[in-house]
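First the structure, in the form of structure tokens, and then the observations on it.
Proteins get letters first, then strands, A, B, ... in listed order; numbering begins at 1 in each. Note that these values count all heavy atoms, side chains included, but never hydrogens, waters or copies made by symmetry. All figures in this text were calculated on a predicted structure; none of them were measured in a lab.
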Protein chains: 2
Amino acid sequence: MSTIAIGQAGGPTAVINASLVGFLEGLDEHHTVYGIMNGYQGLAENDLELLEGGMLHWVLSHRFVPGACLGSGRFLFTEEKISQAVRNLKKRDIHTLVFIGGNGTMAALQKISHEAKAIGYELQVIGIPKTVDNDLAGTDHAPGFGSAARYVALSTRDISKDLEAMRNFEQVRIIETMGRNAGWLAAASGFLKQSETDGPHLVCIPEVPIEQGQLLQQIKEMVREYGIVTIVVSEGVTLKGASQVKKAVVQGRSVLGGISKQLEDIVREHLGLNARAEILGMNQRSSIMAISSQDQLEAYETGKKAAEILKAGKTEVMVAIQYLDSIRYTSILEDCPLEIVASKGERLLPEEFISNQKRYFRWLKHLIGDNIPSYPPALRRRMIDENLYSGSK
Amino acid sequence: MSTIAIGQAGGPTAVINASLVGFLEGLDEHHTVYGIMNGYQGLAENDLELLEGGMLHWVLSHRFVPGACLGSGRFLFTEEKISQAVRNLKKRDIHTLVFIGGNGTMAALQKISHEAKAIGYELQVIGIPKTVDNDLAGTDHAPGFGSAARYVALSTRDISKDLEAMRNFEQVRIIETMGRNAGWLAAASGFLKQSETDGPHLVCIPEVPIEQGQLLQQIKEMVREYGIVTIVVSEGVTLKGASQVKKAVVQGRSVLGGISKQLEDIVREHLGLNARAEILGMNQRSSIMAISSQDQLEAYETGKKAAEILKAGKTEVMVAIQYLDSIRYTSILEDCPLEIVASKGERLLPEEFISNQKRYFRWLKHLIGDNIPSYPPALRRRMIDENLYSGSK
């Protein structure tokens, strides 16, 4: 009966295709569905493809594949392009628009809805949450985050083990995670830590700018205590008074990255220790090596929920996950008005999680998923042989 | 009866502890075994610990844990320190020395053996192979490589999928793998590639220096053809006429890294495409996310084989894996004289594998291990929409 268009926008995740598949599988058969190619750019440029036959089959085969099979992307959505987008929808008689994405995607959906209203075109818009940064408001968490958090936690534990073995060569590793303004991912790095001697020893998040002197003092003390220090920093962390470290500016958007390298230089210069910066990179958002089964499932279910919302006729809403019980994990899917998502802005790591790590990890537990083997305890004696760290000033 | 010392040297791997455990479990109970702390440094500085009781139990619990639980490291082994090492062995009446490591480790073992002979001290030395670079001669391959190759192949496939989705924002990704002089790991990146359109599209190995003009031409053509290009480079790759890109020099050893960033800059400047360098980093040698079960098993078995060699009384040998049949994978463990390991030098990717990728992958198949889901084919139509790549000159 009705004609629908669905797109994927922003940075892909390891599970964003599961949401697309969940939505398609949640629809009744009498719908006509277009896939929007390459995010909002495809909508503005009328690059849509009918999801039927072989093409539909191909899309559905992506449930467990990372990336965004329709093509995603970043796109500067001007007034003119928004009105072009609505004209393109009208041309094909599409009255429902669904996008899977983060903050920017939800804001754009709302603008499109307003433009449609302004020209008197009936358009239902529905958002499906997706972000590895977990900075989307209106939902307890967003699909994509759990798997990224798992990747960060596993990487931090293993890179720390490696550093522990190499302590006569290197003393400090600085692991840089994603997280433009919110520290959810970096803070997840300690999830598998079993004792004080295990890494990460320090975690820096964008919510709390770094005091250089204080950080250096902590590193010095920890190297004396443990022999090594594994530090985890979000890409968006700043040194107090400085701005975010950028790698490049592309299409008006800053690509962050490099704070770990800056800290590496500071540690070398001020402490004379051998430090190494490590950027965890694109694997955080795309690797199937660390898929959380809970995250995969929720990605699929939020997509399916969007199909329900569609049938219920609601508009200007985003699917939201509400966390009910953190002991025996239960959650329900709801819808949250896009206006609330927008008005709340970027969701930072709340104070209660910053000041109480245990509470954060209790919340995180079910999203990261299980089946992670634990390691034997670090042998403390071997960690404090001071002769090895004579390089430390 | 006899007293033995065992150590781990060089960069750790995800499976080096399995070799240690294999060796210990292969010994008869009447041996006294010392663990050498932090590689050759511990031997020179007499930092050995008796592996018995709680300490032995603790070491044995590391079979599936990455890093090197005794401590590894890099150490400049001078004549003076070698003779000190032999004196330390003599003091404790240790007549068998076993080290798990790569080329440098095997060369050091031989020097120690020569020094012992020179002073008339009876010393049996045995090497257990370990390297993620796979550049160790005398063995078909070394434990540690299979898991690292698996990590590289999985990462390349997923990062390519991510790039495919982001092609209106980024066109070129340059993934940097380990591999100081040998291209085994970088060449493994294409193992999961199913069609021409999948990444990696270009692979650069140290055995073949890059011709800048030719590389830029290939990238240009491939972006026109596929919309994106995923390039994989070993850290040791050079631009023709230039030297290796170094990150730092620590304790006289160059830490390589940065060729991907150099290529990123060249691509931006000459082709005006948005490129991003990605260094896969320490996860390659330490992540349990991509453990190859075959590699894990072989690491353990090579350790056990060392215990057999010990009982057979052989000296100045390294455990070697001989590949018998590439169809139905079978291999046997042998011993190879350290002299041969040293004389053959670093084992580069052979010409037959450089020129015939299929042959290389047939060899690699069993080391990377199975249980990797395949992906649906790339949809070629979406890859060649030229409008999207107007940034390309």
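- Using a distance-only test at 3.5 Å, with no hydrogens or angles considered, no donor-acceptor pair links the side chain of B:Glu164 to the main chain of A:Gly71.
- Shortest non-hydrogen contact noted between B:Tyr375 and A:Phe64 is CE2-O, 4.4 Å.
- Counting heavy-atom pairs closer than 4.5 Å to chain A, the top-ranked of the candidates B:Ala290, B:Gly11, B:Ala165 is B:Ala165.
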Practice item. Go through the steps to decide whether A:Arg276 and B:Val255 satisfy the test side chain to side chain contact (heavy atoms under 4.5 Å, CB included), and finish with yes or no. Key: CA-CA 10 Å; A:Arg276 184 195 295 255; B:Val255 178; 3.9 Å; yes

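- The parts of B:Ile159 that come within reach of chain A are both its backbone and its side chain, each placing non-hydrogen atoms under 4.5 angstrom from that chain.
- Here the shortest heavy-atom pairing between B:Gly73 and A:Asn168 reads CA-OD1, 3.2 Å.
- To the nearest 0.5 angstrom, A:Lys161 atom NZ is 5.0 Å from B:His62 atom NE2.
- When the candidates B:Ala248, B:Gly281, B:Pro66, B:Gly67 are compared by the number of heavy-atom contacts under 4.5 Å with chain A, B:Pro66 comes out ahead.
- In this structure, the portion of B:Ala277 lying under 4.5 Å from any heavy atom of chain A is its backbone and not its side chain.
- Note: A:Arg167 CZ to B:Met37 CE = 8.5 Å, rounded to the nearest 0.5 Å.
- Note that CD1 of B:Ile291 is 11.5 Å distant from CE of A:Met289, once rounded to the nearest 0.5 Å.
- Among all heavy-atom pairs drawn from A:Pro377 and B:Trp58, the shortest one is O-NE1, 2.6 Å.
- By the 4.5 Å heavy-atom criterion applied to side chains, A:Ser287 and B:Leu154 are not counted as neighbours.
- Distance check: B:Asp162 CG to A:Gln284 CD gives 11.0 Å after rounding to the nearest 0.5 Å.
- The line from CE of A:Met166 to OG of B:Ser72 is 5.5 Å long, rounded to the nearest 0.5 Å.
- The closest donor-acceptor contact from the side chain of B:Asp158 to the backbone of A:Ile288 lies under 3.5 Å.
- Contact annotation for B:Tyr151: both backbone and side-chain heavy atoms come within less than 4.5 Å of a heavy atom of chain A.
- Contact annotation for B:Asn283: both backbone and side-chain heavy atoms come within less than 4.5 Å of a heavy atom of chain A.
- Atoms CZ and CD, from B:Arg74 and A:Glu170 in turn, are 8.5 Å apart once rounded to the nearest 0.5 Å.
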